[in-house]
There are 2 protein chains.
Amino acid sequence: MKCSAPTTTRGRPREFDPEEALTAALRVFWQRGYEGASMAELTEAMGITKPSLYACFGNKEALFKKALDLYERDKLAYVGKALEAATARGVAERLLEGAITTHCGGSDPHGCLGVMSTVTCTMEDPSIRNFVTERRIATEEALIERFERGKTEGDLPDTVDPRCLAQCLTTVLQGMSVKAQGGSCAQELKGVVDTYLTMWPGR
Amino acid sequence: MKCSAPTTTRGRPREFDPEEALTAALRVFWQRGYEGASMAELTEAMGITKPSLYACFGNKEALFKKALDLYERDKLAYVGKALEAATARGVAERLLEGAITTHCGGSDPHGCLGVMSTVTCTMEDPSIRNFVTERRIATEEALIERFERGKTEGDLPDTVDPRCLAQCLTTVLQGMSVKAQGGSCAQELKGVVDTYLTMWPGR
DNA sequence: CTACCTATATACCGACCGGTATGAAATGTT
DNA sequence: AACATTTCATACCGGTCGGTATATAGGTAG
């Protein structure tokens, strides 16, 4: 990978920090979407010129994938933590509250980059679409397995299908992202979460 | 409005049907989004040339608004019908099932044009964003009022807030649109709907 | 028929798109 | 000092974007 710092630095040293630049790029993609983010806007936010960007990150598509990686690692870390909750209900609570703070929080753009990409990249070239879809399916499968475990542990009634319950929860989470992007405030989403958790079956 | 047929037809008659053309434009917007739909693609799908489009519909933004009007009138007619159900649960059932057939149905593009526009037009000029937001809020308010009525009629427990319940339901509906656009099939959404309706409070 | 009006088709506009060629500047190596 | 290597800054590439000027074709009104 070209953007990783080689052990022996030959040639003119790079004048910017790739991680900082990638963080800036992530923010642009986050609020403009993949197509909506222009190279001009990206380079300006990253504080570098286009040739530097292409030399370090490849092209727009590769930059987006790296930004999405960073996004999942930093902003979606709460998902992994949520799966470690003691009960199925605890998992749902942590996911829903994490979604509020992450997608409706302080200085970051509202809404989920993954959801946004799912919606906008329906017709994009398959490379980037598959990249987004894989991540989504992976976390959903992890959630299903967690609820299957919860069912064996008595967290969920025998009547509920763990797969359907997991998909219902992700549906709510994705809907919350839409609402956040549409301008809903954290308080409004809090009401949705509380209502949904009241309806939640089991412990 | 220029595209309405005047009673006395002077000048060369138009060679296309504006409603048919608008239907074709709606389909393009539906699967490409507002920004993703190019004028070239639109004119080709509509079977007319660019000057004809501009003369009849104004510009891209005006065309999109007219298409969104048509969309709500034709494809979202089930929403108005759903509000006429006898009970709050009946309303939810009709909305959720209508969402499946509409957003995951046969020949039409998957997903909801309104949700898609909400997500993609976050940064668009305010004119089109407000246009989308107004529609969304209007239907949400109607749903809230319907659930408030349902609560007085005993459809809902005293413990639930009709506003929060309505917003929770719209969250699920919007999430279903995301899932449909992401490739989920009707059967998968059916599982979500069934699970959610099982959790539904009251009749 | 002539005058007038409107829709059509073609070609074009400046602006922006993602991406790159080019040459100078800055380092390590010899 | 001379060279190899890498980054930087500038200017530029063909293509597409939304939108339009222009001229012609097809109608009604008189």
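Computed from a prediction, not measured in an experiment: that's the story for all the values here. Here is how names work: the chains are called A, B, and so on, in the same order as the sequence lines, proteins then strands, and each is numbered from 1. Side-chain atoms are counted along with the backbone in the values below, which use heavy atoms only and exclude waters and symmetry mates.
- Across the protein-nucleic acid pair, A:R32 atom CZ and C:dC16 atom P stand 14 Å apart, rounded to whole Å.
- Regarding A:L42, its CG atom lies at a distance of 16 Å from the P atom of C:dC16, rounded to whole Å.
- Judged by the 6.0 Å and 45° rule, B:K66 forms no cation-pi pair with B:F57.
- A:E20 is linked by a side-chain contact (heavy atoms from CB on, under 4.5 Å) to A:D17, counting only residues two or more places apart in sequence or in another chain.
- Cation-pi geometry between B:R32 and B:F29 is not met at under 6.0 angstrom from the ring centre and within 45 degrees of the axis.
- In this structure, B:S52 reaches the C:dT8 phosphate: one of its side-chain N or O atoms is under 4.0 Å from OP1 or OP2.
- Taking atom CG of B:L53 as the reference point, atom P of D:dT20 lies 12 Å away to the nearest angstrom.
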In B/S/- notation (B base, S sugar-phosphate only, - none; protein heavy atoms under 4.0 Å), nucleotides 12-18 of chain D written 5' to 3' is -----SB
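- A:D161 is linked by a salt bridge (Lys or Arg N to Asp or Glu O under 4.0 Å) to nothing, counting only residues two or more places apart in sequence or in another chain.
- For residues 101-142 of chain B, there are no ring-ring contact (aromatic ring centres under 6.0 Å, His included) pairs, not counting sequence neighbours.
- With sequence neighbours excluded, the residues satisfying salt bridge (Lys or Arg N to Asp or Glu O under 4.0 Å) with A:K65 are A:E61.
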For nucleotides 22-30 of chain C, read 5' to 3', which letter fits each nucleotide if B means a protein heavy atom sits under 4.0 Å from the base, S means only the sugar-phosphate is that close, and - means neither?
-> ---BBBSS-
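- Residue B:F57 contributes atom CZ, which lies 16 Å from atom P of D:dT20 at whole-angstrom precision.
- With sequence neighbours excluded, no residue satisfies salt bridge (Lys or Arg N to Asp or Glu O under 4.0 Å) with B:K151.
- For B:R136, the side-chain contact (heavy atoms from CB on, under 4.5 Å) partners two or more places apart in sequence, or in a different chain, are B:T118, B:T133, B:Q174.
- As rounded to whole Å, 16 Å separates atom C1' of D:dA9 from atom CZ of A:R14.
- Checked against salt bridge (Lys or Arg N to Asp or Glu O under 4.0 Å), A:D69 has the following partners two or more places apart in sequence or in another chain: A:R135.
- Going from atom CG of A:D17 over to atom P of D:dC8 covers 12 Å, rounded to whole Å.
- The side-chain hydrogen bond (donor to acceptor under 3.5 Å, both in side chains) check on A:T170 picks up A:E140, B:K179, with sequence neighbours excluded.
- A search for side-chain hydrogen bond (donor to acceptor under 3.5 Å, both in side chains) contacts involving A:R89 returns nothing, not counting sequence neighbours.
- The CD-P distance, from B:E44 to C:dA9, rounds to 14 Å in whole Å.
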List every contact pair, protein side and nucleotides 1-3 of chain D side both N or O, where the distance is under 3.5 Å.
none

